[in-house]
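Taking it in order: structure first as structure tokens, then the write-up.
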Amino acid sequence: MKKVISYDTETTGFALHGESKMFSFSTCDPGGNTKICRLDKCKVSKIKNTKYLKKIFETSRFIPVMHNAKFDLTATEKYLQKHIAEDIVFHDTSIQSHLLMNDHPSHRLKELAYELAGIKRDDETLVKAFVKDGSDYSKVPVDRMDAYQKLDAERTILLHLFFYPKIKEDKKVNEIYKEELELVKTTMRMEERGIMLHRNRCKKLIDDLTTKRENALEKIEHLSGRRINPDKTSHIEWLLFEKFEMPILKRTKKTSSPSTDKEALNLLRETNPHPILEEITKFKSFSRGRTILKSYLGLVDENDVIHPDINTNGASTGRESCKNPNLQNVEKTGVLLNRYPVPARQAFRPRPGYVNFHIDYSGIEMRLLVHYCQEPLLVKILNKGGDVHRPGAEILFGDEFKNASKKKQKTLRGAAKNANFAIAYGASALKVGKTLGLDANVALRRFDLYYRTFPKLSFLGRALASEAKQQGYIKTIFGRCLRVPENKNYVATNYLIQGTAAEILKRAQNRVHKYLQQATSGEVGILLPIHDEIIIEYPRKRLKDVDHVLKEIKALMVAFEMFLVPLDVEIEIATYDWEHKKRYTL
DNA sequence: AAACACGGCGCG
DNA sequence: AAAGCGCGCCGTGTTT
């Protein structure tokens, strides 16, 4: 019989793929018996405690329970210098918490234990007093650290004893939980692989942006006749609304002060064209791009590889997130409304000897919307492989669309596509009409026709909002319960679609990872998930069998039988960097 | 010095 | 009556 024990590691920092190392761990059994095991202080205890560590992870006699297992397992693997995650059964109380209370303000160990059992949180401040840069706990006096570790081990087992029965209660939730634990392992291998920075390109981009940023600043100061810091909204405010006496067309949400954001500048550009508007926009874009690119240089390992921290439960919708750095929002070029983009994706490249494939679900949000609302016309279009956004464009733009050139039609279709989502996610007809550039009366007439043509799609938002209002949550097709913020019931649709897409991608990652592990011995591997996309790396040596492997991956990614509409993926190949991708047809 | 709020901006 | 959503990161400005 396996023995459940909580397991918590202490490290010299968070950069486990860099300098940081584990120096201690603690355990606690369900009876409340704790052990504190230092691996740094004296040689005898180090040998003894390492033996105990190996007993936990190498004998199959224990089921370690962790709060954020990805971190503890990564630290432990580094210490033992071998992979262990695939060979053990484990639990994660952080994931349990996310699954049971997606809307909870905090899933931190200390917060949860305080709320559940009133365990005081002041041990953190007692220890933090000895921590200089905020993450190296090895310098804290041992007796104080002992007390701290004891408490964390107790908290973790407590949380498990409280949460896990609730997870097991619901068969579907338990299935999701198992998928989440599998994803922890999948994600560990991605972070370990990491992503290669094109370091010289990155530096070149930074140099280039430094000059362009300086130029923009010079022009701004010349035009305004005084020193300006465009990073201060107060300066921009003075410049636009006092010095140049432009009208205030937009205000900020929380404090209702005059907005100086890109949309406000674009609005002013229409009514009060002025070179200062361009230069401010340039400065902001180049400045941001520059600092972000600079931050990448500080995050590379000795091989120019970046190991990001991927949070498998980063969002209240079940989505993942990524930090240090966030590789899910790297700027790309060719985006409408961004006139001065920074080609930041040039800074990422396949490792030497590899190519990258970017595989993304095509139109997954729309497909899921159609599945959930069951709009007959749209279900039919998707099953025939047709264009679901065309009818919307025809309705919203009327003759303007019918008489437009092919190129113009494409633009209008893109606008209609955004409108489809905006409407489904709760935007008002008036607001959507405005962004489409329609006269208010025309907009109302067109939307009337839109509602009559797609009654079920149009009604989905209201139906889900009322469901959320009534029971406080909505459920995805996989059985994940998503509580929806009170007094914002209209976000229910977004939660449902975003949450379902997240679950699809999570399952896809596990399937693909397992397949690649078995079929290519891990030579091919996933690097990163980006909400509806995975990026994989592929050795050039193996390119002979690439079409076969990609076909298998595609089959795994679209194999979800529960939907009324088919799923599909598109593939792009990057051979040099992430900016220059080419469509790849199987 | 650290923590927090805000405006702003990139992605899906 | 009116409402797109979810993240992480940056710089500024205020509070502790």
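Order of the sequence lines fixes the chain letters, A, B, ..., with proteins taken first and strands second; residue numbering starts at 1 for each chain. Everything quoted here is computed from the prediction, not taken from an experiment.
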Calculate, to the nearest 0.5 Å, the distance between atoms [atom1] and [atom2] belonging to [X] and [Y] respectively.
X         : Y         : atom1 : atom2 : result
Asn68(A)  : Ile95(A)  : CG    : CD1   : 8.0 Å
Asp136(A) : Ser138(A) : CG    : OG    : 3.5 Å
Glu115(A) : Met101(A) : CD    : CE    : 6.5 Å

Send over the distance from [X] [atom1] to [N] [atom2], rounded to a whole Å.
X         : N       : atom1 : atom2 : value
Lys232(A) : dG8(B)  : NZ    : C1'   : 15 Å
Ile535(A) : dC11(B) : CD1   : P     : 14 Å
Ile310(A) : dG12(B) : CD1   : P     : 16 Å
Glu570(A) : dG12(B) : CD    : P     : 13 Å
His235(A) : dG8(B)  : NE2   : C1'   : 17 Å
Ile359(A) : dG12(B) : CD1   : C1'   : 17 Å
Leu327(A) : dG12(B) : CG    : P     : 13 Å
Asn326(A) : dC9(B)  : CG    : P     : 17 Å

Students often mix this up, so state it plainly: with edges at 30° and 60°, are the rings of [X] and [Y] parallel, tilted or perpendicular?
X         : Y         : value
His274(A) : Phe244(A) : tilted
His307(A) : His17(A)  : parallel
Phe447(A) : Tyr451(A) : tilted

Exercise for review: Dot-bracket for DNA chain C, please, read 5' to 3', with Watson-Crick or G-U wobble pairs under 3.5 Å on both distances, ( ) within the strand, [ ] crossing, | other strand, . unpaired.
Suggested key: ....||||||||||||
Exercise for review: Carefully, step by step, assess His358(A) and Trp578(A) under the rule ring-ring contact (aromatic ring centres under 6.0 Å, His included).
Suggested key: CA-CA 9 Å; His358(A) 297 234; Trp578(A) 286 8; 5.2 Å; yes
Exercise for review: Report yes if a side-chain nitrogen or oxygen of Lys262(A) is closer than 4.0 Å to either non-bridging phosphate oxygen (OP1 or OP2) of dC9(B); otherwise report no.
Suggested key: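 False: Lys262(A) side-chain N/O out of range (4.0 Å or more) of dC9(B) OP1/OP2.
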Review point. Would one find a side-chain N or O of Ser259(A) under 4.0 angstrom from OP1 or OP2 of dG8(B)?
Key: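 For dG8(B), OP1 or OP2 has a side-chain N or O of Ser259(A) closer than 4.0 Å.
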Counting any heavy atom closer than 4.0 Å, what does [X] reach on the DNA or RNA strands: base, sugar-phosphate only, or nothing?
X         : answer
Val330(A) : sugar-phosphate
Lys253(A) : nothing
Val342(A) : nothing

Review point. Which ones in residues 311-323 of chain A lie close to DNA chain C, meaning a heavy atom under 4.0 Å from one of its atoms?
Key: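 Residues of residues 311-323 of chain A that come under 4.0 Å of DNA chain C are, in numerical order, Gly314(A), Ala315(A), Ser316(A), Thr317(A), Arg319(A), Ser321(A), Cys322(A), Lys323(A).
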Exercise for review: Taking only heavy atoms on the protein side, list every residue of residues 470-502 of chain A lying under 4.0 Å from any atom of DNA chain C, sorted numerically.
Suggested key: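 Contacting residues: Lys488(A), Tyr490(A), Val491(A), Asn494(A), Tyr495(A), Gln498(A).
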Check your understanding: Which is the 5'-most and which the 3'-most nucleotide of DNA chain C that has an atom under 4.0 Å from a heavy atom of chain A?
Key ->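 In short, chain A contacts DNA chain C from dA3(C) to dG13(C).
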Check your understanding: Under the ring-ring contact (aromatic ring centres under 6.0 Å, His included) test, which residues partner His235(A), sequence neighbours left out?
Key ->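 Result, ring-ring contact (aromatic ring centres under 6.0 Å, His included) vs His235(A): none returned.
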**Study point:** Comparing Pro325(A) and Asn229(A) on DNA chain C - which has the more 5′ nearest nucleotide
**Key:**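 Nearest-nucleotide comparison on DNA chain C picks Pro325(A).
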Review point. Does Asn324(A) or Phe421(A) map to a spot on DNA chain C nearer the 5' end, using the closest nucleotide for each?
Key: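 Final value for this comparison: Phe421(A).
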**Study point:** For DNA chain B, the residues among residues 280-292 of chain A that have a non-hydrogen atom under 4.0 Å from it
**Key:**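 Correct list: Lys284(A), Arg288(A).
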We want to know whether [X] and [Y] form a side-chain donor-acceptor pair, criterion being a heavy-atom distance below 3.5 angstrom.
X         : Y         : result
His513(A) : Asn510(A) : no
Asn313(A) : Arg319(A) : no
Gln509(A) : Glu179(A) : no

On the six-membered ring of [Y], is [X] placed so that its NZ or CZ lies under 6.0 angstrom from the centre and within 45° of the ring axis?
X         : Y         : answer
Arg121(A) : Tyr114(A) : yes
Arg507(A) : Phe478(A) : yes
Lys139(A) : Phe130(A) : no

Point to revise | Test log, rule side chain to side chain contact (heavy atoms under 4.5 Å, CB included), inputs Leu369(A) and Phe421(A) | key: CA-CA 9 Å; Leu369(A) 273 171; Phe421(A) 293 129; 3.8 Å; yes
Review point. Checking only heavy atoms, does the side chain of Asn329(A) share a donor-acceptor pair with the base of dG10(B) at less than 3.5 Å?
Key: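 When only heavy-atom distances are counted, Asn329(A) does reach the base of dG10(B) through a donor-acceptor pair under 3.5 Å.
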**Study point:** Passing option when Ile536(A) is tested against Ile553(A), Leu527(A), Asn356(A) for side chain to side chain contact (heavy atoms under 4.5 Å, CB included)
**Key:**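 Going through the options one by one, the only one that passes is Ile553(A).
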Point to revise | Qualifying residue for side chain to side chain donor-acceptor pair (under 3.5 Å) with Tyr340(A), from Lys284(A), Glu279(A), Lys282(A), Glu278(A) | key: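 Running side chain to side chain donor-acceptor pair (under 3.5 Å) over Lys284(A), Glu279(A), Lys282(A), Glu278(A) with Tyr340(A) returns exactly one hit, Glu278(A).
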